[in-house]
There are 2 protein chains.
Amino acid sequence: MSGGISVGLDLGGTKTDAVALDASGQVRGHLRLSTRPGTDGVLATIRQAMSQLQESTGDDLASIGVGIPGQISADGSEVRYAVNLGLSSLDLGGRLAREFSVPVRVENDVKAAARGVAALRGGSTETLAYLNLGTGVAAGIVVEGTLWRGAGGVAGEIGHLSIDPSGPECRCGQRGCIEAFAGGGSLARRWGAAAPSAVRGIITAAEDGDELAQRLRSDLAFGTAAAVRLLVLAADVPTVVLGGGVSHIGESLVHDVRSALRAAAESSQFLRSLELQDRVELLGAGSPAASLGAALVGMPEGRDEEAVVGVAAGPLREDDR
Amino acid sequence: MSGGISVGLDLGGTKTDAVALDASGQVRGHLRLSTRPGTDGVLATIRQAMSQLQESTGDDLASIGVGIPGQISADGSEVRYAVNLGLSSLDLGGRLAREFSVPVRVENDVKAAARGVAALRGGSTETLAYLNLGTGVAAGIVVEGTLWRGAGGVAGEIGHLSIDPSGPECRCGQRGCIEAFAGGGSLARRWGAAAPSAVRGIITAAEDGDELAQRLRSDLAFGTAAAVRLLVLAADVPTVVLGGGVSHIGESLVHDVRSALRAAAESSQFLRSLELQDRVELLGAGSPAASLGAALVGMPEGRDEEAVVGVAAGPLREDDR
């Protein structure tokens, strides 16, 4: 297969995942690195990943796609407010395009992951929402295989919609945002523990009968169920896939969210008819969706359509990492 | 201009608007009738409108589009739950196609109106949400001129999303739905007056210092602002057009909603950056958007693209009725 490799990078606050796809969507290499913060750190992280992938595949480079937690300019080049990476503003696309002399596209990490989830599930015609429960909460919507950015690239940014004016305070200044109920950062703060382990700790403590933990577990389900309802009733997606760090608690989250959806629909024939609980699915903890999605986002139009078929049929699955 | 006329019918609970467009989108006739309820009444109302329009235009019939307040099957034929018209289930599209021997498409009235609003504003490339504040609350989303139905035709049905678990009871059985705050039916019930005049009465009484009226006015703005935020953050539409009976109170609604949007965004840099208040617009009380949209929805693919250009440039405007 000619045409070189397309690299996808998912830059997280602590780890960076990278994958190299050939033009048919087959995985030619993948790796995980620690992310270094700040402009120089981020660029050094990307350079290291690029060099290792190019060395191991021995093929020419065709394109680069980057998923990054921040606001991205409409042309897919400039990053703003990537607070977790210590970046306030950086023309990352321009920098990488000059350095590597290939097309580069930068995308918000949740949107890129949504593209990857859709590719892994259904190839080029999948419609779904990917709901990322990380430190914050946001969603990416894919309609018939195409990422839906909206007029200003904020489509799916539902974390700061309030669902309870008397709810917990949100870091954004409002009260009762979906993120205040279901975001890992908010849950950790309310539980009084460090974020990475907090949610597992809450679930264990809730099972042991701790009242605060039970309230937080119930809030997580309440906020996630509201997000699912909202995505279905606004966009009518057939499937909402849950991912992100908070979702790594696994099936107990899916169980709680389905119960919350069923309970809220009990009194409403209309809501019941939507069978919301059957639309919720879980992305596995080790899924390569985010870096795969970044690689697809980075491909020039046309090339991604061929690759996405290979991704859907390919061997790289949740445990293949 | 050859090709016959395309009729659009907007069937409301009390009135039916009908319009006849030629293939270039020029209005060849329009009229308003009282709607008769039930299967026989609805069919008789449509027959009367068809006969008057065909008589006045003297042209062949090319297609029929119907906007109707109910759930519509994916093929645009069967109507369910059109409670206000006394219909529980009717294959309206099939009946009309057999009777008039032309293509027929039935669509939810709010979705058809959204298509008409987009056509009147921008022709074939407009992206917007149309938020209908009638007895109930629902929205229709148009993306680059195309109505977005979603997987099961419920995209935009945001009226029964709860934004306050302690909010007013909704007729759907939940509490604090957007519709419970901002729907004309709920406002009238809480104010204790008949629906058509209730909202104007509430605004007048609020200005006179009545406390219940002030609370209801504030709830209307709260619910509508939440719907606007939700539509922008889920779908990132550049514009949300307010219409429906409740919106006929006019500029005071727009003023209140903009204030509510500004107040909620005060603490949040992200929300402020979206300038939500500038995205809200008002559809005039006499707008022909709903019947025009129905006519466009009813046209076979291709024909509507030509017509929409004429609609955008045409003489039929809000006061031309």
Side-chain angles (χ1 to χ4, degrees), chain A residues 71 80-81 127-129 138-139 141 143-144 148-167 169-178 222 225-227 229-239 263-275 279, chain B residues 71 80-81 127-129 138-139 141 143-144 148-167 169-178 222 225-227 229-239 263-275 279:
Chain A
Q71 269 185 41
R80 276 165 295 186
Y81 309 122
T127 296
L128 58 73
I141 300 171
V143 178
E144 293 175 5
W148 188 17
R149 294 180 176 85
V154 301
E157 290 290 342
I158 60 171
H160 297 290
L161 290 170
S162 172
I163 50 173
D164 183 358
S166 317
E169 280 177 27
C170 184
R171 59 177 176 148
C172 81
Q174 300 184 95
R175 270 190 174 275
C177 293
I178 287 175
F222 174 76
R229 265 193 306 274
L230 196 155
L231 289 164
V232 172
L233 290 168
D236 197 7
V237 287
T239 310
E266 221 162 65
S267 60
S268 160
Q269 191 192 6
F270 171 61
L271 284 181
R272 274 203 314 279
S273 76
L274 300 177
E275 297 183 326
R279 304 196 190 206
Chain B
Q71 270 185 41
R80 277 164 295 186
Y81 308 120
T127 296
L128 57 74
I141 300 170
V143 179
E144 292 174 8
W148 188 19
R149 294 182 176 85
V154 302
E157 292 288 343
I158 61 170
H160 297 290
L161 290 170
S162 172
I163 50 172
D164 183 358
S166 318
E169 282 179 24
C170 185
R171 60 178 174 145
C172 82
Q174 299 184 96
R175 270 190 175 277
C177 292
I178 287 175
F222 174 75
R229 265 193 306 272
L230 197 154
L231 288 164
V232 172
L233 290 168
D236 196 7
V237 287
T239 310
E266 221 162 67
S267 60
S268 160
Q269 190 191 7
F270 171 61
L271 284 181
R272 274 203 315 279
S273 75
L274 300 177
E275 297 182 327
R279 304 197 190 206

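Labels below follow one simple rule: chain letters A, B, ... track the order of the sequence lines, proteins then strands, and each chain is numbered from 1. Values below: all heavy atoms of this structure, side chains included; hydrogens, waters and symmetry mates excluded.
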Quiz item: Side chain, backbone, both or neither: which part of A:Glu266 has an atom under 4.5 Å from a heavy atom of chain B?
Solution: neither
Quiz prompt | Option that, when pairs with chain A are counted at under 4.5 Å, heavy atom only, ranks first among B:Ser268, B:Ala234, B:Ala264 | solution = B:Ala234
Quiz item: Which pair of heavy atoms, one from A:Gln174 and one from B:Ser267, lies closest together, and at what distance?
Solution: N-OG, 3.7 Å
Quiz item: Do you know which of B:Ser166, B:Gly173, B:Gly167, B:Ala265 has the most heavy-atom pairs with chain A at a distance under 4.5 angstrom?
Solution: B:Gly173
Self-check item: chain A contact via B:Ile141 - side chain, backbone, both or neither, heavy atoms under 4.5 Å
Solution: side chain
Quiz item: For the residue pair B:Gly150 and A:Asp236, what are the closest heavy atoms and their distance?
Solution: C-OD2, 3.4 Å
Quiz item: chain B heavy atoms under 4.5 Å from A:Arg149: which part of the residue, side chain, backbone, both or neither?
Solution: backbone
Quiz item: Which bit of A:Leu230 comes within less than 4.5 Å of chain B, counting heavy atoms only: side chain, backbone, both or neither?
Solution: both
Practice problem: Measure the spacing between OG of A:Ser162 and CG of B:Leu271 and express it to the nearest 0.5 Å. | Solution: 10.5 Å
Quiz item: When only heavy atoms count and the cut-off is under 4.5 Å, which of residues 151-159 of chain A reach chain B?
Solution: A:Ala151, A:Gly152, A:Gly153, A:Val154, A:Ala155, A:Gly156, A:Glu157, A:Ile158
Quiz item: Relative to chain B, which segment of A:Leu231 carries a heavy atom at a distance below 4.5 Å: side chain, backbone, both, or neither?
Solution: neither
